[in-house]
Amino acid sequence: MLDIQRIRQDTDQVQQGIKNKNVTLDLDPVLEADKQRREIIAEVESLKHERNQVSQSVAEKKRNGEDASELIERTRTIGGTIKELDEKLRGVDEELRTLMLQIPNIPHASVPVGTDPSENPVVKTWGQRVEPDFQLMTHLELGEALGLFDFAKGTKIAGPGFPLYTDRGAKLERALINFMLDFHTEKHGYTEVLPPVLANTRSMTTTGQLPKFEDDMYKIPQDDVYLIPTAEVPVTNIHQEEILSAEDLPIQYCAYSSCFRREAGSYGKDTRGFLRLHQFNKVELVKFTHPDDSYSALEALRQDAEDILQALGLEYRVIELVTGDLSFAAAKCYDLELWAPGEARWLEVSSCSNFEDFQARRGAIRFKSKDGGKAQLVHTLNGSGVATPRLLVALLESYQQADGSILLPDVLAPYMGATGIHLAP
RNA sequence: GGAGACGUGGCCGAGUGGCUUAAGGCGGCGGCUUGCUAAGCCGUUGUACGUUUUGGCGUACCGUAGGUUCGAAUCCUACCGUCUCCGCCA
């Protein structure tokens, strides 16, 4: 959510930001509701002030054994008006809130203006292209030969997009998750948490999944909860409705979770293998920072995610999203893309975003310094560090050998208890 | 799933319709005292919104939402949460 005062004062600037984000939305109804709201508040509060004073007089008279019926009659009338205005105010409040929740975050001044993802500038590339002298296989061919996963069985159990990892494939998945968690906690100073994979409406609203993207999620109507599309949701809501100490900032968590996405509207796109799934595993990084520090924290967050890819020795590039490609809640975002030699294409494995105070305002996440001052909204950031399916694709395809076996990077050996995945004898 | 108890400020805890703009204590902050520390003494204390001449002023907030009443922390209803016991269960 944006600051209503900012919308009131810098209307043109906000309107331009919305436009740059490729969103069609008129701020006039918002300003109108805001004006109405303040008018009603002024009126109803002065009536309440009067009522309080008269009630005090009633109490005084009764204590002295005097007749107060005249005063009582007066407050009765005021009370009726207050009730009407309170009801009207509730309606306008609700209307304003509904409108406010629809407004996207606006891009940071440093974000290049653009409408199409093809305009996203590449800000960095790292690593060496895998170009062996034998015919490259795709992850699907490799996985089948090595018995790492079984999509048919996953489909039988749950449906398409719910993979079954098998044998050394299951172990490799677990190894990757453990490697990444250990890396971020030991080398980057994140605190590990293991969150619920269900979240309620309130939490989904904080991070921006609701109210606009309800159809993208799996809902459990019986209990009014949703399966999380990312650990960002539960982890950001750890501090929902809290006032943190400025001295404790930045707070940084890393979390493994399964993620669930309906991917409505994307049928037919990337349906093969691990490229697009309904359920997948991800290690997520989440930061709560002082507003002054959030942009340096974004660079550091991105580096933390990059470090994983570098430790695994995989070729990747970093792109910066143009304004029109930014997600609803983001003010600035980098994507990390791995090169998958078998697929011969770039695969997004991480999005690192700064949400500034957009989520913090929705979730009432604030901080206060010890030496006085008002509570202020924190800035929240998050990034994948990283998601496993496409990581697995790039890893298998990059480290494949001529005979179809996989020679794994050294850092995974302790987690796999082996240096590679070889064909069954 | 059944039965019961309970939700008051950062924490503990009083408060059964009006002298409660929530007592008292702990903690925090500021000051005094002090060779230092401890102790003591004095003062102070949250959030949001509206308004403002930026000094303030006003309104709301005792789990949440409604209701009764001239007036609600207090009475009524529903819901949520916590705890205890029973049942079920990894």
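What you are looking at is a predicted structure, and each value in this text was computed from that prediction instead of being measured. Convention: sequence-line order gives letters A, B, ...; per-chain numbering from 1.
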Hey, mind stepping through Asn237(A) and Thr206(A) against side-chain hydrogen bond (donor to acceptor under 3.5 Å, both in side chains) and telling me if it holds?
CA-CA 7 Å; Asn237(A) 279 284; Thr206(A) 296; 3.0 Å; yes
What is the distance, to the nearest angstrom, from the CZ atom on Arg202(A) to the P atom on U64(B)?
14 Å
Looking at Glu214(A) and Lys219(A), does any basic side-chain N land under 4.0 Å from a carboxylate oxygen?
yes
Nearest-angstrom distance, P atom, C42(B) to A48(B)
32 Å
Give me the distance, rounded to whole Å, that separates G66(B) from U47(B) when you measure between the P atoms they each carry.
24 Å
Mind checking the P distance from G67(B) to U84(B)? Whole angstroms is fine.
36 Å
Which residue, Glu45(A) or Arg366(A), contacts RNA chain B at a nucleotide closer to its 5' end, judged by nearest heavy atom?
Arg366(A)
Just to confirm, is there a sub-4.0 Å distance from OP1 or OP2 of C80(B) to any side-chain nitrogen or oxygen of Asn200(A)?
no
Residue list, side-chain hydrogen bond (donor to acceptor under 3.5 Å, both in side chains) with Asp293(A), at least two apart or on another chain
none
Once ring-ring contact (aromatic ring centres under 6.0 Å, His included) is applied, what residue pairs with a partner in residues 39-70 of chain A remain, sequence neighbours excluded?
none
Do the side chains of Glu50(A) and Arg74(A) get close enough for a salt bridge, i.e. N-O under 4.0 angstrom?
yes
Atom-to-atom span, NZ of Lys48(A) to C1' of C61(B) - whole angstrom
11 Å
Side chains of His139(A) and Glu397(A): donor-acceptor distance under 3.5 Å anywhere?
yes
Output a table of nitrogen or oxygen pairs between the protein and nucleotides 67-74 of chain B separated by less than 3.5 Å.
unit_1: U68(B); atom_1: OP2; unit_2: Lys83(A); atom_2: NZ; d: 3.3
unit_1: C70(B); atom_1: OP1; unit_2: Arg76(A); atom_2: NH2; d: 2.8
unit_1: C70(B); atom_1: O4'; unit_2: Ile72(A); atom_2: O; d: 3.4
unit_1: C70(B); atom_1: O2'; unit_2: Thr75(A); atom_2: OG1; d: 2.7
unit_1: G71(B); atom_1: O4'; unit_2: Ser55(A); atom_2: OG; d: 3.4

Pick the C1' atom in C26(B) and in C36(B), then give their distance to the nearest Å.
26 Å
In whole angstroms, how far is the P atom of U47(B) from the CD atom of Gln376(A)?
12 Å
Could you measure between the two P atoms, the one in A90(B) and the one in G9(B), and give it in whole Å?
39 Å
Sticking with atom C1', work out how far A73(B) lies from A14(B), rounded to a whole angstrom.
12 Å
Specify the separation, in whole Å, of atom CG of Leu85(A) and atom P of U59(B).
16 Å
Distance check, P atoms only: U74(B) and G17(B), in whole angstrom units.
11 Å
Residue met sooner reading RNA chain B from 5', once Ala375(A) and Asp34(A) are mapped to nucleotides:
Ala375(A)
Applying ring pair (Phe, Tyr, Trp, His ring centres under 6.0 Å), name anything that partners Tyr334(A), two or more places apart in sequence or on another chain.
none
With Watson-Crick and G-U wobble geometry limited to distances under 3.5 Å, how should the secondary structure of RNA chain B be encoded in dot-bracket form, using | for bases paired to another strand and [ ] for crossing pairs?
((((((((.[[[..)..(.....]]]((((((.......))))))((((((....)))))).[[[[[..)....]]]]])))))))....
G50(B) glycosidic torsion: syn (within 90° of 0) vs anti
anti
Considering residues at least two apart in sequence or located in another chain, which fulfil the side-chain hydrogen bond (donor to acceptor under 3.5 Å, both in side chains) criterion with Glu320(A)?
Lys332(A)
Say you pick atom C1' in G81(B) and the same atom in A65(B); how far apart are they, in whole Å?
14 Å
Look at His49(A) and G58(B) and indicate whether a side-chain polar atom (N or O) is within less than 4.0 Å of OP1 or OP2.
no
side-chain hydrogen bond (donor to acceptor under 3.5 Å, both in side chains) partners of Arg361(A), counting only residues at least two apart:
Asp357(A)
Kindly write out the residues that satisfy ring pair (Phe, Tyr, Trp, His ring centres under 6.0 Å) with Phe162(A), not counting sequence neighbours, or none if the list is empty.
His278(A)
Atom CD of Gln56(A) and atom C1' of U20(B): how far apart are they, to the nearest Å?
11 Å
Would you kindly give the CD-to-P distance between Glu241(A) and G81(B), to the nearest whole Å?
16 Å
If you look only at pairs with a residue in residues 411-421 of chain A, which of them pass as a side chain to side chain donor-acceptor pair (under 3.5 Å), with sequence neighbours excluded?
Asp182(A)-Tyr415(A)
Could you list the residues that satisfy ring pair (Phe, Tyr, Trp, His ring centres under 6.0 Å) with Tyr190(A), not counting sequence neighbours?
His184(A)
Ring pair (Phe, Tyr, Trp, His ring centres under 6.0 Å) filter on His290(A), not counting sequence neighbours, yields Phe367(A)
Given atom CE of Met100(A) and atom P of C49(B), what is their separation to the nearest angstrom?
11 Å
Whole angstrom is fine here: how far is it from CD1 in Ile41(A) over to P in U51(B)?
8 Å
Please list, for nucleotides 44-46 of chain B, all pairs of protein and nucleotide N/O atoms separated by less than 3.5 Å.
unit_1: G46(B); atom_1: O3'; unit_2: Lys368(A); atom_2: NZ; d: 3.3

Touch class at under 4.0 angstrom, heavy-atom based, for Arg74(A) against every strand present:
nothing
Taking any heavy-atom pair under 4.0 Å as a contact, classify Arg8(A): base, sugar-phosphate, or nothing.
sugar-phosphate
